[in-house]
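All values below come from the heavy atoms of this structure, side chains included, with hydrogens, waters and symmetry mates left out. Below, read A as the first sequence line, B as the second, and so on, with proteins coming before strands; counting in each chain starts at 1.
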2 protein chains.
Amino acid sequence: MSDLLERLRGRGWRMTAQRRVVAEVLDGDHVHLTADEVHARAAARLPEISRATVYNTLGELVTLGEVIEVATDGRAKRYDPNAHHAHQHLVCSNCGTIRDVHPSGNPMLDLPDGERFGFAIADVEVTYRGLCPDCR
Amino acid sequence: MSDLLERLRGRGWRMTAQRRVVAEVLDGDHVHLTADEVHARAAARLPEISRATVYNTLGELVTLGEVIEVATDGRAKRYDPNAHHAHQHLVCSNCGTIRDVHPSGNPMLDLPDGERFGFAIADVEVTYRGLCPDCR
DNA sequence: TCCTACGATAGACAGAGTCTAAGTCAAGAA
DNA sequence: TTCTTGACTTAGACTCTGTCTATCGTAGGA
């Protein structure tokens, strides 16, 4: 069983066929899929899996911190299974493709208290937007 | 006439009552509105303006670089008329409120060529996510 | 093996945004 | 000023993404 499934089971996650398939799709392919794409790939292995179940499961994985939601310019959110390593994203403004980057040079970003306007900051997201090689 | 309208006319933008009202709503209120909110405010001055026109006009303003689209965790994009001054965003994960920040300490972000995966980068977006004072 | 609470399902629903076909009108030409 | 024309606007249907609800199914403990 994969690391992800192992971790989920360890946290008391009830293991059903549907959840296993969704977790495997995310864990195995390591790309940034939309909910719909996750559903399509999961349905290839378990045809009766429903859209609602995929949404529920993705939502739980996000809550558990195993997966990150990435908002792109397009319509659908994409899900990034690489949540355990801080990284940034390259997003294609044309086709929505996402690539992870682990920049070597950039310092940690932080806002001084005086510039936070009272917000309790939980997370910083850095997104480079542009055109991917295919869309250039 | 406002700066924004002046610039648009200078670029050969055909000036209709609807476009004028949308531009004025964005230019005047300098907050981050959703398309629906823009429509509501525009309709207060020009009741017959349609939703499609507001979407079209916002889309054109984004294309022209006069307005920035900001994706929040929530459903609707918000439109930021402050496109001519580089800045970052504080986004409330709960209610979607956005504040502009002009951080003093952060260096310009850049990616070395070797980490660009062939992308032509046009823009870097930095978003701090957390809870606004009202939602804490 | 049986129970039961938790999870899955179908499908209706809602919100955001896009598209289309037909009508309207801004702005340049005469 | 009037005409012309192509760009703009409109209503409303449509698509896509995501959520909710009521009902059914089943994982896992007793």
Side-chain angles (χ1 to χ4, degrees), chain A residues 1 5 8-25 32-43 45-64 67 69-79 93-96 98, chain B residues 1 5-6 8-25 32-43 45-64 67-79 93-96 98:
Chain A
M1 184 157 59
L5 289 174
L8 292 171
R9 193 183 274 284
R11 295 172 121 189
W13 216 49
R14 188 160 149 181
M15 193 53 65
T16 67
Q18 292 83 351
R19 289 175 164 198
R20 185 191 313 273
V21 166
V22 169
E24 282 171 356
V25 164
H32 303 78
L33 302 172
T34 63
D36 218 50
E37 288 164 351
V38 172
H39 179 232
R41 296 191 186 202
R45 306 189 204 176
L46 193 66
E48 70 276 19
I49 193 171
S50 74
R51 233 159 44 94
T53 298
V54 170
Y55 276 106
N56 290 342
T57 307
L58 287 171
E60 280 160 30
L61 290 171
V62 170
T63 304
L64 291 170
V67 165
E69 263 178 17
V70 186
T72 67
D73 270 352
R75 309 264 286 268
K77 295 173 196 163
R78 289 177 179 270
Y79 294 85
S93 324
N94 189 241
C95 67
I98 300 180
Chain B
M1 185 157 59
L5 289 174
E6 202 66 74
L8 292 172
R9 191 184 277 283
R11 295 172 122 188
W13 217 47
R14 185 159 151 183
M15 193 53 64
T16 66
Q18 292 82 351
R19 290 175 162 198
R20 186 192 311 273
V21 165
V22 169
E24 282 171 356
V25 164
H32 303 78
L33 302 172
T34 62
D36 218 51
E37 287 163 352
V38 172
H39 179 233
R41 295 191 187 202
R45 306 189 203 175
L46 193 67
E48 70 276 18
I49 193 172
S50 75
R51 232 158 47 93
T53 297
V54 170
Y55 276 105
N56 290 343
T57 308
L58 288 172
E60 282 161 29
L61 290 170
V62 169
T63 303
L64 291 170
V67 164
I68 297 171
E69 262 179 17
V70 185
T72 66
D73 271 352
R75 308 267 285 268
K77 296 175 196 161
R78 289 177 179 271
Y79 293 86
S93 325
N94 187 241
C95 67
I98 299 181

Expected string for nucleotides 18-29 of chain D under the B/S/- scheme (protein heavy atoms, under 4.0 Å, primed atoms plus P, OP1, OP2 as sugar-phosphate) is BBB----BBBS-
When rounded to whole Å, the CD to C1' distance for the pair B:Q18 and D:dT10 reads 9 Å
| request: Report yes if at least one side-chain N or O of B:S50 is closer than 4.0 Å to OP1 or OP2 of D:dT9; otherwise report no. | output: no
Item to check | Residue-phosphate contact under 4.0 Å: B:R19 side-chain N/O, D:dA7 OP1/OP2 | outcome: no
Verify, without hydrogens or angle tests, whether B:E37 (side chain) and B:T34 (backbone) share a donor-acceptor contact under 3.5 angstrom. yes
Rounded to whole Å, NE2 of B:H39 lies from P of D:dG12 at a distance of 13 Å
Minimal heavy-atom distance between B:A35 and B:Y55, with the atoms involved, is CB-CE2, 3.6 Å
Distance col, row A:L46:CG vs A:R19:CZ, nearest 0.5 angstrom, shows 13.5 Å
Nearest heavy-atom approach of A:L8 to A:A23 is CD1-CB, 4.3 Å
Between CZ of A:R20 and P of C:dA8 the distance, given in whole Å, is 12 Å
From CD of B:E37 across to P of C:dG15 the rounded distance in Å is 14 Å
When rounded to whole Å, the CD to C1' distance for the pair B:E48 and D:dT9 reads 10 Å
B:L46 CG to C:dC25 C1', in whole Å, measures 13 Å
The reported gap from CD1 in B:I49 to OG1 in B:T16 (rounded to nearest 0.5 angstrom) is 7.5 Å
Separation of C:dA26 atom C1' from B:L8 atom CG, nearest Å, is 16 Å
Rounded to whole Å, CD1 of B:I49 lies from C1' of C:dC25 at a distance of 15 Å
**Q.** Test item: B:L61 and B:W13 side chains (from C-beta on) under 4.5 Å apart, heavy atoms
**A.** yes
